[in-house]
Amino acid sequence: MKINCRSSCHLCPPPELLAIVERVREAEKSTLLPTGDDLRGTAIAIARLRRIYRLAITDLVDGRLLDAVTSARLTIYDCLMIADESFKAKDFTSAWLWSRYAWTATTHPEMKAYVSRLMAAVSKEHDDTWNGETDHFPARLSEGQSQVPHDITYDRLCRGEHFMSEEEGTGLRCRVSAMGQPHLVLQPVKYEQLHFDPEMYLFYDVLSDSEIQAIKDSALSKLFRSGTLAPEVYSDIRVSQTAWLTNASHPLLPGICRRISAITGLNVFEGPDGSRAGEDLQVLSYGVGGHYIYHVDVLFKNLPEDQWHETTAGAHVIQDGDRMATWMFYLSDVERGGRTAFPKAGISVPPVKGAAVMWFNLKKNGDVNPRAEHGGCPVLLGHKWVANKWIREHANFLKRPCSIQPFE
Ligand SMILES: O=C(O)CCC(=O)C(=O)O
Ligand SMILES: [Fe+2]
């Protein structure tokens with residue numbers, strides 16, 4: 001039997017409602033409205049913020065972020081969505097904590113029954129896959145339901161803890177120096193060496209506010225969602241926006257490059273593919289929850305040599321050599337969060353507007369230094385801007401010669 005709903009059913013939506021639905025559908029076609037994927041990403045990002053910064057769910061629900069109070073609020077449905085998305089992402093610890101919160105926060109019998117079922121499913125999956133590793137609770141949930149989740153070095157570094165031994169810190173110094181460069185004599189550079197392995201420095205006041213504004217203004221219209229690899233792959237491991245600026249994008253950029261060269265003693269100028277010393281400036285913008293999980297900034301040397309040609313970035317990438325060093329400007333302060341953390345070196349660097357951190361990704365013998373692994377911790381409050389200048393290997397082989405120690 002066929003029913004003509006329009007003409008016979010008194011439950012049919014009135015035309016005004018259909019018109020609204022149509023308008024929402026139209027609006028959805030443009031990218032202005034958040035998509036289901038955005039919502040899912042937000043839920044995962046909130047779970048990550050809680051885990052890394054050890055926030056109490058009750059504080060998050062009331063908009064308290066460490067010592068900052070915001071007007072943001074989470075409803076019980078939001079908490080359930082975070083639990084559900086964490087469950088789907090196999091983050092059983094988060095799924096358990098958020099669903100347990102939802103269970104205690106609701107008095108509604110049907111809701112309580114629903115959350116109980118979710119908690120039972122989460123607990124079972126957690127215990128079935130339990131192997132004592134850090135993405136699980138320290139024991140099975142059947143052995144105790146009020147456990148304190150594992151805490152990993154990376155998360156602790158993001159919270160500002162440091163893990164360098166006394167020996168590793170010995171000999172690290174702050175300096176004010178013209179770096180042997182005549183044009184830095186009138187404005188010497190203030191810098192501190194942060195680590196010997198990897199060799200790492202923090203340079204203060206290397207960009208003025210007007211230069212920072214010029215870089216951000218040039219980047220704004222070019223920003224797109226950051227990916228990893230080429231062709232770009234989007235995922236939760238990197239949440240930010242990227243813009244690439246050539247030296248021709250703004251009249252101030254060549255001078256900024258000359259400054260990096262003078263300070264580092266390295267060649268950082270862009271050149272034609274196959275003989276480039278420095279890549280275009282990569283500007284990154286992170287909103288709340290934005291982050292980049294730890295990685296080493298190399299393009300192909302993390303692969304065995306017989307697979308180098310498989311790098312999707314093209315043959316000229318290998319001709320230029322890998323990313324010997326990273327120079328990263330901080331274009332903003334960040335109210336809470338957003339440190340750059342080096343889990344193997346045991347150090348993290350807070351963003352300081354106008355400063356730049358620089359480290360070597362390769363050892364002097366050309367091998368990747370795994371201790372250069374680093375990540376951008378999630379932004380908890382504020383907005384983080386950075387700009388990377390990657391310095392390539394081959395144009396600099398005489399500037400940073402091999403050591404006589406084969407392991408260096
Ligand atoms: O944002 C940061 O602190 C780190 C960014 C980073 O590691 C990168 O862009 O490769
Ligand atoms: Fe990086």
Side-chain angles (χ1 to χ4, degrees), residues 45 48-49 52-53 154-155 157-160 194-195 198-203 207 212 215-216 219 222-230 232-245 260 278-302 313 317 322-345 347-362 368-392:
R48 186 186 305 116
L49 286 173
I52 292 192
Y53 297 109
Y154 181 72
D155 295 359
L157 287 165
C158 287
R159 301 201 297 271
L194 300 178
H195 217 300
E199 199 179 328
M200 192 193 301
Y201 304 90
L202 184 61
F203 300 96
L207 275 188
I212 289 176
I215 294 175
K216 287 182 183 170
K222 300 191 169 89
L223 288 170
F224 57 92
R225 167 133 196 219
S226 313
T228 48
L229 307 172
E232 300 277 285
V233 174
Y234 304 121
S235 80
D236 287 335
I237 66 169
R238 189 177 195 196
V239 182
S240 63
Q241 290 195 302
T242 300
W244 290 95
L245 299 181
I260 304 175
E279 296 180 26
D280 296 349
L281 191 69
Q282 188 200 50
V283 182
L284 297 175
S285 151
Y286 301 82
V288 171
H291 82 127
Y292 190 179
I293 194 72
Y294 41 91
H295 58 278
V296 185
D297 283 351
V298 290
L299 295 169
F300 56 89
K301 280 197 160 177
N302 49 343
V317 171
D322 217 318
R323 290 171 167 167
M324 174 172 123
T326 301
W327 172 284
M328 189 173 78
F329 287 116
Y330 290 111
L331 306 180
S332 67
D333 298 307
V334 179
E335 281 177 69
R336 304 281 185 287
R339 285 172 168 261
T340 308
F342 296 75
K344 295 204 168 92
I347 190 172
S348 71
V349 186
V352 177
K353 188 178 180 188
V357 60
M358 187 245 186
W359 66 89
F360 286 93
N361 299 303
L362 300 183
V368 178
N369 185 352
R371 289 172 58 85
E373 184 181 76
H374 61 280
C377 300
V379 173
L380 183 56
L381 192 62
H383 201 108
K384 174 178 170 187
W385 286 83
V386 299
N388 287 309
K389 178 59 94 177
W390 280 298
I391 304 172
R392 303 295 282 277

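One-based numbering, in listed order, for ligands and for the atoms of each. The structure presented is a predicted model; accordingly, all values stated were derived computationally and were not measured.
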Would you confirm whether His195, through its side chain, and Ile347, through its main-chain N or O, come within 3.5 Å as a donor-acceptor pair?
-> no
Would you check if the side chain of Lys301 reaches a backbone N or O of Leu362 as a donor-acceptor pair within less than 3.5 Å?
-> no
Could you tell me, atom by atom, which parts of ligand 1 come under 4.0 Å of a heavy atom of [X]?
X      : answer
Thr340 : 2 (C), 3 (O)
Trp390 : 10 (O)
Leu284 : 9 (O)
His295 : 6 (C), 7 (O), 8 (C), 10 (O)
Tyr286 : 1 (O), 2 (C), 4 (C), 5 (C)
Asp297 : 10 (O)

Any side-chain heavy atom of [X] sitting closer than 4.5 Å to one from [Y]?
X      : Y      : result
Glu279 : Trp244 : yes
Asp297 : His374 : yes
Leu299 : Arg323 : yes
Arg336 : Tyr53  : no
Tyr154 : Cys377 : yes

Measure the acute angle between the ring planes of Tyr292 and His295, then classify it against the limits of 30° and 60° as parallel, tilted or perpendicular.
-> parallel
Considering heavy atoms of the protein only, find what lies nearest to atom 9 (O) of ligand 1 and give residue, atom and distance to 0.1 Å.
-> Asn388 ND2, 3.0 Å
Just need the protein heavy atom nearest to atom 4 (C) of ligand 1, so name the residue and atom and give the distance.
-> Met328 SD, 3.8 Å
For the Fe ion (ligand 2), the closest N/O/S atom belonging to Asp297 | OD1
Identity of the N, O or S atom of His374 lying closest to the Fe ion (ligand 2) | NE2
Among Arg238, Arg323, His374, Lys384, which one has a heavy atom closest to atom 7 (O) of ligand 1?
-> His374
